[in-house]
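None of these values were measured; they are calculated from a predicted model. Proteins come first, then strands; the chains are lettered A, B, ... in the order of their sequence lines, and each starts at number 1.
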There are 2 protein chains.
Amino acid sequence: MSRLKTGAQRASHETPDYADTAASDLPLHRMPGHHIRRLQQVAVRLFAEEANVDLTPVQYAALFAVAQRPGVGQAQLAALIGYDRATIGGVIDRLEQKKWLARVASVEDRRVNLLTITDEGREALSRAAASVRRAQERIIEPLNEDERAAFERMCLKMLAHHLG
Amino acid sequence: MSRLKTGAQRASHETPDYADTAASDLPLHRMPGHHIRRLQQVAVRLFAEEANVDLTPVQYAALFAVAQRPGVGQAQLAALIGYDRATIGGVIDRLEQKKWLARVASVEDRRVNLLTITDEGREALSRAAASVRRAQERIIEPLNEDERAAFERMCLKMLAHHLG
DNA sequence: CTCATATTGACAGCATACATACAAATCGTA
DNA sequence: TACGATTTGTATGTATGCTGTCAATATGAG
């Protein structure tokens, strides 16, 4: 049986007034998870808007990481940038199709695909750099310098706690 | 060419040392978008860990919103909680399968599906409330009170700027 | 050396997300 | 009132993301 009083809802503008919410005293606009999800949507959109290369945020991260660590395996790469082993396979497939990444079977460990970036991949990465930077700046554009630093610090704090 | 001196970034502790990155002077651990994506992953994981009901974060948001606004249309619902019109269809499909949400054809506008929550839906929502709250608290657990307020404020500031 | 154990990458299945296109229906305006 | 523009829900295709399973391969304890 619910205690929800539906009578309280009138037409309000953007933020609905979730008044009298007995079932949950946590309206959506008070949930960090909700904000984070929407920020993620915004970040992806801005990335796509700025992009001058056919790269998604995920593909960029993967390509960037392989450039830093040539010869990394798929599982290692996944751990490095925070992906699932299952997900990374498809990402690499698409980067391989574009000839920006190459899988090479390891001789030491025949289970492993050694990943390397191609010259075209490096070129794409280089070409994308500026627009990626712009996208990142646009996300935090409404924050002042202090807030940007604080935001980064808090993000890292939460990530260290939950992932570390 | 960038003005950023990449030489300045030495091996820092937990984060891999992306030293001498000529291709991009923005390492992953300095990209807000990267942090947001990983926070989103954490948030989803915590939600799933705490959940005592078969509900995803998205489904919870949709169910919650419909409970607040019975008779809302799919497009309105999508706008309300920040989804794509195309995405919301599948979400509603699954909630309808569980008998927690019902589509009713509108008489006034025959294009519209009026969405209403069922008694079972209300019951599920009520049952989920505590665990959803716990999941939200766990996300920001490493932050102190001031930081939590600041984080929420900054999230809302960015969202208002990019969505408003 | 051998066998239990763990790791690696592939695959299937489910659930977001987005862009695009579409038919049906509604609305605005001439 | 007729008709172009818009809105609504649906479908398709692509790309994350996760869980779970599997075969092939390493690894380590005995």
Practice problem: Describe the nucleic acid contact of R38(B) in one word from base, sugar-phosphate, nothing, applying a heavy-atom distance below 4.0 Å. | Solution: nothing

Quiz item: Under 4.0 angstrom, heavy atoms only, what part of the nucleic acid is Q40(A) near: base, sugar-phosphate, or nothing?
Solution: sugar-phosphate

Polar-atom pairs under 3.5 Å, protein N or O versus N or O of nucleotides 18-23 of chain D: list them with distances, or write none.
unit_1: dC18(D); atom_1: OP2; unit_2: D84(A); atom_2: N; d: 3.3

Quiz prompt | Members of residues 91-112 of chain A that approach DNA chain C, where some heavy atom sits under 4.0 Å away | solution = R103(A), R111(A), V112(A)

Quiz item: Relative to the 5' end of DNA chain C, which residue comes earlier, L114(A) or P57(B), by the nucleotide with the nearest heavy atom?
Solution: L114(A)

Quiz item: Are E152(B) and R148(B) close enough for a salt bridge, meaning some N to O gap below 4.0 Å?
Solution: no

Quiz item: If every non-hydrogen atom of V112(B) is compared with every non-hydrogen atom of G73(B), which pair is closest and at what distance?
Solution: CG1-CA, 4.1 Å

Quiz item: Taking atom CG of L163(B) and atom CZ of R45(A), what is their separation to the nearest 0.5 Å?
Solution: 6.0 Å

Quiz prompt | Which atom of H34(A) lies closest to which atom of I81(B), heavy atoms considered | solution = CE1-O, 3.6 Å

Quiz item: Between dA17(C) atom C1' and F47(A) atom CZ, what is the distance in whole Å?
Solution: 16 Å

Self-check item: G89(A) versus R103(A), closest heavy-atom pair with distance
Solution: O-NH2, 3.5 Å

Practice problem: Calculate the interatomic distance between N113(A) atom CG and dT25(D) atom P; express it in whole Å. | Solution: 13 Å

Quiz item: Which atom pair, heavy atoms only, marks the closest approach of K157(B) to P142(A)?
Solution: CE-O, 3.4 Å

Quiz item: Just one of R134(B), E141(B), Q136(B) clears the side chain to side chain contact (heavy atoms under 4.5 Å, CB included) bar with R138(B), so which one?
Solution: E141(B)

Quiz item: Is the shortest distance from a Lys or Arg side-chain nitrogen in E50(A) or R133(A) to a carboxylate oxygen in the other one below 4.0 Å?
Solution: no

Quiz prompt | Sugar-phosphate, base or nothing in reach of G90(A), heavy atoms under 4.0 Å | solution = nothing

Quiz item: Roughly how many Å is it from CD in Q59(B) to P in dG17(D), rounded to a whole number?
Solution: 18 Å

Practice problem: Go through K98(A) and E120(A) one step at a time and tell me if the salt bridge (Lys or Arg N to Asp or Glu O under 4.0 Å) criterion holds. | Solution: CA-CA 9 Å; K98(A) 295 189 187 107; E120(A) 296 101 307; over 6 Å; no

Quiz item: List DNA chain C stems (3 or more consecutive Watson-Crick/G-U pairs, under 3.5 Å)?
Solution: C:1-30 with D:1-30

Quiz item: Quick one: does R85(B)'s side chain have a donor or acceptor within less than 3.5 Å of a partner on A75(B)'s backbone?
Solution: no

Self-check item: Distance-minimising heavy-atom pair for L28(B) and F64(A)
Solution: CG-CD2, 3.9 Å

